[in-house]
Participant: 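Take this structure, written in structure tokens, and hold onto it; I'll ask about it next.
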Amino acid sequence: LEAGDYRWRINCVYEVPLKIRVTGPQRVFVEPRMMFPQRQDLGESITLLGYEERQEADRRVITLIWKARQEMSQSYRVFLHALDADGNLVAQSDGEPVDWTRPTTGWVKDEIVVETRLLNLKAGEYKLVVGWVDEAGERIGAITLMK
């Protein structure tokens with residue numbers, strides 16, 4: 001739905017009129033400045049433009065900047081994995097983009113979507129891998145973040 005006010009009517013023994021407000025996402029089409037530009041395609045629909053990274057106590061804060069190359073009819077989930085020097089998974093953050101508020105089925109062509117993911121990690125060297133999976137859990141792409 002487009003943003004705005006709507007009425008929702010439930011018909012049963014008594015008619016119960018309800019008002020609801022739909023707030024659409026603010027759409028961004030201008031690329032922000034980013035600490036680590038990447039510009040890598042993941043699958044046919046999504047490009048990782050870049051990311052930012054900072055350490056806060058025992059967690060790593062990763063801000064990912066995505067661009068939709070086309071509209072998507074399927075909902076994809078992002079994953080961010082931290083691997084140690086031996087390739088073992090030591091932390092992860094998986095799910096719908098932007099804390100489950102921006103499913104990819106709502107992205108429009110050329111839209112920029114910025115999201116922040118947290119990894120419970122002490123300061124140190126880790127390999128960070130980001131990518132997408134489809135609704136069946138199959139990977140549609142993965143890349144290693146490069147500084």
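One is the number of the first residue; the rest follow in order along the sequence. This is a predicted model, so every value here is computed, not measured.
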Participant: Go through Leu83 and Leu89 one step at a time and tell me if the side chain to side chain contact (heavy atoms under 4.5 Å, CB included) criterion holds.
Facilitator: CA-CA 5 Å; Leu83 309 175; Leu89 180 67; 4.1 Å; yes
Participant: Kindly determine whether Ile46 and Met72 satisfy side chain to side chain contact (heavy atoms under 4.5 Å, CB included), including the steps that lead there.
Facilitator: CA-CA 9 Å; Ile46 301 168; Met72 294 163 260; 3.9 Å; yes
Participant: Given 3.5 Å as the limit, does a donor-acceptor pair link the side chain of Arg117 with the main chain of Gln92, or not?
Facilitator: no
Participant: Taking side chain as C-beta onward, heavy atoms only, is Asn120 less than 4.5 Å from Asp58?
Facilitator: no
Participant: I need the minimum non-hydrogen distance between Arg60 and Tyr126, along with the two atoms involved.
Facilitator: NH2-CD1, 3.6 Å
Participant: Keeping Thr104 on the side-chain end and Tyr76 on the backbone end, is there a donor-acceptor pair under 3.5 Å?
Facilitator: yes
Participant: Kindly compute the distance separating CG (Leu42) from OG1 (Thr47), expressed to the nearest 0.5 Å.
Facilitator: 7.5 Å
Participant: Closest heavy-atom contact between Lys109 and Phe29?
Facilitator: O-CE2, 3.6 Å
Participant: What distance separates Leu145 CG from His81 NE2, expressed to the nearest 0.5 Å?
Facilitator: 12.0 Å
Participant: Distance check, rounded to the nearest 0.5 Å: Leu121 atom CG versus Gln55 atom CD?
Facilitator: 7.0 Å
Participant: So if I apply the side-chain contact (heavy atoms from CB on, under 4.5 Å) rule between Glu52 and each of Val114, Leu64, Thr63, Thr116, which one comes out positive?
Facilitator: Thr63
Participant: Please, which pairs that meet salt bridge (charged side-chain N to carboxylate O under 4.0 Å, His left out) have at least one residue in residues 78-101, sequence neighbours excluded?
Facilitator: Arg77-Glu96
Participant: Can Glu44 and Arg69 be counted as an ion pair, charged N to O under 4.0 angstrom?
Facilitator: no
Participant: What verdict does the side chain to side chain contact (heavy atoms under 4.5 Å, CB included) test give for Trp66 and Leu48, after you've listed the backbone C-alpha separation in whole Å, the side-chain angles of each residue and the deciding distance to 0.1 Å?
Facilitator: CA-CA 5 Å; Trp66 304 107; Leu48 175 67; 3.6 Å; yes
Participant: Heavy-atom count check: over 12 atoms from other residues, nucleotides or ligands less than 6.0 Å from Glu56 CD?
Facilitator: yes
Participant: With a 4.5 Å cut-off on side-chain heavy-atom distances among I, L, V, M, F, W and Y, is there a chain of contacts connecting Val78 to Ile140?
Facilitator: yes
Participant: Could I get the full list of side chain to side chain contact (heavy atoms under 4.5 Å, CB included) partners for Glu125, not counting sequence neighbours?
Facilitator: none
